[in-house]
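Structure first, commentary second.
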Amino acid sequence: MHDEAYMAMAMDLARQAADAGEVPVGAIVVCQGEVVGRGFNQPIGRHDPTAHAEVVALRDAAARVGNYRLPGCELFVTLEPCMMCAGAMMHARIGRIVYGARDPKTGVAGSVLDLFEETRLNHHARIEGGVLADECSRMLSEFFALRRVMARQKA
């Protein structure tokens with residue numbers, strides 16, 4: 001399967017987040033060509049600030065694989081990872097991270113910081129950004145535009 005196909009799967013999960021009223025971010029973990037972890041944003045519904053799509057997908061993958069380390073696995077996510085998620089990926093030893101849209105406010109794979117290039121840290125993953133970036137960005141923009149309209153209607 002190609003990166004675009006995996007990102008499309010992550011986008012399907014992001015739509016589930018949007019349907020639940022969460023910021024539409026989805027993630028999957030792939031090990032040796034098999035999807036072993038899936039997640040979408042759920043911090044509101046779970047009352048859990050750590051329930052970002054990436055963390056949910058990592059937890060799912062670790063449970064399925066039976067190990068919290070996921071060396072050689074790839075993580076596909078629709079939005080550039082934040083600091084918390086990047087740290088979780090490093091601890092899991094994810095080998096490659098592929099993201100869709102850049103996040104100029106909290107992204108740490110090159111936008112605000114680049115934690116994955118920090119030489120003082122002991123794990124480094126390969127990063128590839130911009131896969132289906134326009135589609136991922138559009139989904140986020142449409143979600144927030146709708147949210148603003150709904151807020152104005154309530155006011």
Side-chain angles (χ1 to χ4, degrees), residues 1-46 48 50-117 123-147:
M1 219 180 254
H2 293 18
D3 288 355
E4 291 81 8
Y6 289 126
M7 189 61 71
M9 294 171 108
M11 289 179 67
D12 287 341
L13 290 163
R15 287 183 194 90
Q16 290 182 41
D19 291 345
E22 305 273 1
V23 175
V25 179
I28 64 168
V29 177
V30 177
C31 293
Q32 298 175 346
E34 179 185 351
V35 177
V36 296
R38 292 173 177 80
F40 58 86
N41 266 5
Q42 300 175 57
I44 298 166
R46 288 191 178 184
D48 179 358
T50 69
H52 287 195
E54 301 97 309
V55 173
V56 174
L58 288 169
R59 287 175 179 157
D60 186 34
R64 287 179 193 224
V65 171
N67 192 341
Y68 76 105
R69 299 278 199 215
L70 301 165
C73 293
E74 302 171 298
L75 188 142
F76 292 79
V77 60
T78 58
L79 182 64
E80 181 180 358
C82 71
M83 191 176 318
M84 175 186 69
C85 294
M89 291 177 214
M90 288 177 192
H91 284 293
R93 302 297 192 259
I94 294 293
R96 179 172 174 249
I97 298 151
V98 180
Y99 69 86
R102 294 183 66 81
D103 186 347
K105 294 184 178 181
T106 64
V108 297
S111 289
V112 176
L113 299 171
D114 195 342
L115 286 183
F116 298 99
E117 288 294 322
H123 178 71
H124 302 277
R126 289 184 300 129
I127 307 295
E128 293 183 40
V131 175
L132 300 182
D134 291 342
E135 294 89 334
C136 293
S137 293
R138 187 171 24 265
M139 186 183 306
L140 288 158
S141 296
E142 289 172 358
F143 174 82
F144 286 113
L146 180 60
R147 197 179 247 187

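With hydrogens and angles ignored, the 3.5 Å screen pairs a side-chain donor or acceptor of Glu80 with a backbone N or O of Gly110. With hydrogens and angles disregarded, a donor-acceptor distance shorter than 3.5 Å links the side chain of Asn41 to the backbone of Ala53.
Side-chain atoms of Arg64 and Arg38, non-hydrogen and from C-beta on, do get closer than 4.5 Å to each other. No side-chain heavy atom of Thr106 sits under 4.5 Å from any side-chain heavy atom of Met83. Here the side chains of Val77 and Val25 are in contact, with some heavy-atom distance below 4.5 Å. Considering only heavy atoms from C-beta on, Phe76 stays 4.5 Å or farther from Val29 through its side chain.
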Checklist entry - Given Thr50 and Arg59, is the side-chain contact (heavy atoms from CB on, under 4.5 Å) satisfied, shown in steps? => result CA-CA 11 Å; Thr50 69; Arg59 287 175 179 157; 3.2 Å; yes
Item to check | Trace of the side-chain hydrogen bond (donor to acceptor under 3.5 Å, both in side chains) decision for Arg15 with Thr78 | outcome: CA-CA 11 Å; Arg15 287 183 194 90; Thr78 58; over 6 Å; no
Checklist entry - So Val98 and Leu75, side-chain contact (heavy atoms from CB on, under 4.5 Å) or not? Walk me through it. => result CA-CA 6 Å; Val98 180; Leu75 188 142; over 6 Å; no
Next on the checklist: Using side-chain contact (heavy atoms from CB on, under 4.5 Å), reason through Ile28 and Tyr6 one step at a time and then give a plain yes or no.
Outcome noted: CA-CA 8 Å; Ile28 64 168; Tyr6 289 126; 3.7 Å; yes
Checklist entry - Can Leu70 and Leu58 be said to form a side-chain contact (heavy atoms from CB on, under 4.5 Å), step by step? => result CA-CA 9 Å; Leu70 301 165; Leu58 288 169; 3.9 Å; yes
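Between Val131 and Met7 the shortest heavy-atom distance is O-CG, 3.6 Å. When every heavy atom of Arg46 is checked against every heavy atom of Val56, the shortest pair comes out as NH1-CG2, 4.1 Å. Nearest heavy-atom pair, Ala86 versus Pro81, reported as atom, atom and distance to 0.1 Å: N-CB, 4.3 Å. When all heavy atoms of Ala57 and Ala27 are compared, the closest pair comes out as CB-O, 3.7 Å.
Residue Phe40 holds its CZ atom at 8.0 Å from CD of Glu22, rounded to the nearest 0.5 Å. For the atom pair Met11 CE and Glu4 CD, the distance stands at 12.0 Å (nearest 0.5 Å). The SG atom of Cys82 sits 8.5 Å away from atom CG of Asp103, with the distance rounded to the nearest 0.5 Å. Between atom SG of residue Cys85 and atom NE2 of residue His52 there is a gap of 5.5 Å, rounded to the nearest 0.5 Å. Taken to the nearest 0.5 Å, the CD atom of Glu54 stands 9.0 Å off from the CD1 atom of Ile97.
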Please output the side-chain donor-acceptor pairs of residues 132-147 that fall under 3.5 Å, not counting sequence neighbours, one pair per line with the distance.
from   : atom 1 : to     : atom 2 : distance (Å)
Ser137 : OG     : Ala133 : O      : 3.0
Ser141 : OG     : Ser137 : O      : 3.1
Arg147 : NH2    : Gly21  : O      : 3.3

List, one per line, each side-chain donor-acceptor pair under 3.5 Å for residues 87-94, sequence neighbours excluded.
from  : atom 1 : to    : atom 2 : distance (Å)
Arg93 : NH1    : Met90 : O      : 2.9

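Arg96 meets the side chain to side chain donor-acceptor pair (under 3.5 Å) test with Asp3, Glu74, Glu128; sequence neighbours excluded.
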